[in-house]
Student: 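Below you will find the structure I want to go over with you.
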Amino acid sequence: MNRVIPLRERGQREVFCGLTGIVWLHRKVQDAFFLVVGSRTCAHLVQSAAGVMIFAEPRFATAIIDERDLAGLADCHDELDRVVARLLARRPEIRTLFLVGSCPSEVIKLDLARAAQRLDGVHAPQVRVLNYSGSGIETTFTQGEDACLAAWVPRLPREGAAPLLVVGSLPDVVEDQFARLFGALGIPVRFFPPRRSTELPAVGPGTRFLLAQPFLAETARLLEERGAVHLAAPFPFGEEGTTGWLRAAAAAFEIPPALFDAVTRPGRERARTALAAHHARLAGKRVFLFPDSQLEVPLARFLARELGMQLVEVGTPYLHRAHLAHELPLLPEGVTLSEGQDVERQLDRCRAARPDLVVCGLGLANTLEAEGLTTKWSIELVFSPVHGYEQAGDLAELFARPLVRKEKLANAAA
Ligand code: SF4
């Protein structure tokens, strides 16, 4: 169906593990707690990714596996039960507790699924206890969200299935905008994950769902197993992606085209105006995207088609062809798409190409800046509100900003 043949690479990788998902998931679901069962390394990772939030009363923590546990002197399950009981006594507002697996818990084969089942039996119905893995062995960055939501799907009620479900964690402000648009179209919509775990949407054969994020392969598979139907669509980045995404729902619910046009026109126009301001700066600039979040393909489509950028290479940790079926054909002819990573080889290609802008993780950014390349930290694309019409300009600005900064510094030095 599409002509893009990806370069498949396996080797040294420069990516986050799935634990990072906790940073945005705990903000989204206000009565959930994420207890990582791992090492000090895991605790450091989550704390540094969450930055200053560690000083507020956070809803995540790490139960550290220490030498006693590793030596088999302590029964990890008893320890975990004690930690959980203490935590829940201190934080009575918690309604869902996720036990999050890590590399150490997996390597010592700590059965967290069984622990979650046992603890769920003890603390239900007040608190539901679930388990998923965010380990670097099993998950890359945003796949942590997929693993979390997939673990939650079996708990979704079946009765009174939601007609339309939007799947993927979105900032509340973006969720509100989409809720208003669907409301104006006359489509009853629910969101997953919900803001509170007491508001879980029901899912069954009557449900149709739109993915708001491209990294939810397992969650989508489980929803389909339940009888829900996936609405194939581009992802809601930029004016074109957002319109295509909304249109997929409008078509499924047989919304008259005139109504669709009337509801979406103001947003489309605002997005186009906001993008025009950045087009002049970004058009013709060559961009190289390292693999990070799986957002790369939809973002590359947005950068090429709405901002006129030239794609040098589009890297993704994982290419889900079915979910990207509305994205891949929109990429320009001949683009290099790479799946997986061999970071040294990819760096060689990047250095040889000397792109105007490199989208990459924090681990590579400063090195490349020191070599005179301009970089954009890809993590911001996951942490910032970037979906929908109202955010299209902000999304473009994230890519324009490093180029503006570079220009200013060059002018100051001249
Ligand atoms: S889960 Fe694995 S990759 Fe992630 S911080 Fe812990 S040890 Fe490191």
Side-chain angles (χ1 to χ4, degrees), residues 9-27 32-54 58-72 74 76-77 79-80 83-84 87 97-116 129-152 169 215 217-218 290-295 315-318 340-344 346 360-365 377-379 382-383:
E9 294 206 310
R10 296 288 177 266
Q12 183 76 24
R13 298 187 306 161
E14 269 281 336
V15 283
F16 284 120
C17 67
L19 294 188
T20 340
I22 293 171
V23 177
W24 62 90
L25 284 166
H26 92 282
R27 263 190 261 168
F33 195 99
F34 295 79
L35 183 65
V36 178
V37 182
S39 63
R40 280 178 216 287
T41 311
C42 311
H44 284 309
L45 172 98
V46 184
Q47 289 188 2
S48 43
V52 292
M53 284 188 297
I54 56 169
R59 276 180 289 101
F60 56 84
T62 308
I64 308 242
I65 301 174
D66 63 20
E67 289 81 4
R68 257 164 45 88
D69 305 312
L70 290 173
C76 287
H77 286 279
E79 293 244 350
L80 192 58
V83 169
V84 167
L87 169 71
L97 172 66
F98 289 99
L99 300 182
V100 188
S102 65
C103 305
S105 72
E106 265 156 37
V107 168
I108 65 165
K109 304 223 176 320
L110 184 56
D111 190 346
L112 287 182
R114 193 159 61 91
V129 184
L130 293 165
N131 152 254
Y132 72 91
S133 169
S135 84
I137 303 169
E138 294 208 359
T139 56
T140 299
F141 196 21
T142 47
Q143 279 179 319
E145 174 172 335
D146 189 26
C148 172
L149 299 189
W152 224 352
S169 172
F215 45 75
E218 183 60 10
F290 276 79
D292 196 50
S293 61
Q294 296 187 50
L295 296 175
T316 177
Y318 178 65
Q341 188 170 45
D342 183 332
V343 72
E344 291 302 334
Q346 198 163 30
C360 62
L362 303 169
L364 299 177
W377 291 354
S378 48
I379 194 165
V382 178
F383 288 176

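As a basis for the values below, the full set of heavy atoms in this structure was taken, side chains included, without hydrogen atoms, waters or symmetry mates. Counting starts at 1 for both ligands and their atoms, following the listed order. Everything numeric in this text was worked out from a predicted model, so none of it was measured.
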Student: Under 4.0 Å, counting heavy atoms only: does G38 come that close to any atom of ligand 1?
Tutor: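 For ligand 1, residue contact (heavy atoms, under 4.0 Å) with G38 is absent.
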Student: Which atoms of ligand 1 are found less than 4.0 Å from any heavy atom of S102?
Tutor: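 Those qualifying, in numeric order: 1 (S).
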Student: What protein heavy atom lies closest to atom 4 (Fe) of ligand 1? Include the residue and the distance to one decimal.
Tutor: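 Looking at atom 4 (Fe) of ligand 1, the protein heavy atom closest to it is C17 SG, 2.3 Å.
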Student: Do W377 and F290 have ring centroids that are under 6.0 Å from one another?
Tutor: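 F290 vs W377: aromatic centres not under 6.0 Å.
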Student: May I ask you to check whether C42 brings an N, O or S atom to under 2.8 Å from atom 6 (Fe) of ligand 1?
Tutor: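 Of the N, O and S atoms in C42, at least one lies under 2.8 Å from atom 6 (Fe) of ligand 1, which means yes.
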Student: What I'd like to find out is whether the side chain of L97 reaches to under 4.5 Å of the side chain of L130, using heavy atoms alone.
Tutor: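 No; the side chains remain at least 4.5 Å from each other.
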Student: Quick check: does any side chain N or O of N131 sit under 3.5 Å from a backbone N or O of A116, one acting as donor and the other as acceptor?
Tutor: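 Pair absent, no side-chain N/O of N131 close to backbone of A116.
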Student: Does the ring center of W152 lie less than 6.0 Å from the ring center of F98?
Tutor: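 When the ring centroids of W152 and F98 are compared, they turn out to be within the sub-6.0 Å range.
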Student: Could you tell me the residue and atom name of the protein heavy atom closest to atom 2 (Fe) of ligand 1, and the distance to it rounded to 0.1 Å?
Tutor: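 Minimum-distance protein heavy atom for atom 2 (Fe) of ligand 1 reads C103 SG, 2.3 Å.
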Student: Which protein heavy atom lies closest to atom 8 (Fe) of ligand 1, and at what distance to 0.1 Å?
Tutor: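 Ranked first by proximity to atom 8 (Fe) of ligand 1 is T41 CG2, 4.0 Å.
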Student: Hey, does the side chain of E145 reach the backbone of S169 with a donor-acceptor pair shorter than 3.5 angstrom?
Tutor: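 Yes; judged by distance alone, with no hydrogens or angles, the pair exists.
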Student: Begin with the C-alpha distance, continue with both residues' side-chain angles, and end with the deciding distance and a verdict on side chain to side chain donor-acceptor pair (under 3.5 Å) for Q294 and T316.
Tutor: CA-CA 5 Å; Q294 296 187 50; T316 177; 5.4 Å; no
Student: I need the atoms of ligand 1 closer than 4.0 Å to a non-hydrogen atom of G136, numbered in the order shown.
Tutor: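 Here the atoms of ligand 1 in question are 1 (S), 2 (Fe), 3 (S).
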Student: I'd like to check which ligand 1 atoms, numbered from 1 as shown, lie under 4.0 Å from a non-hydrogen atom of S135.
Tutor: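 In order of numbering, the contacting atoms are 1 (S).
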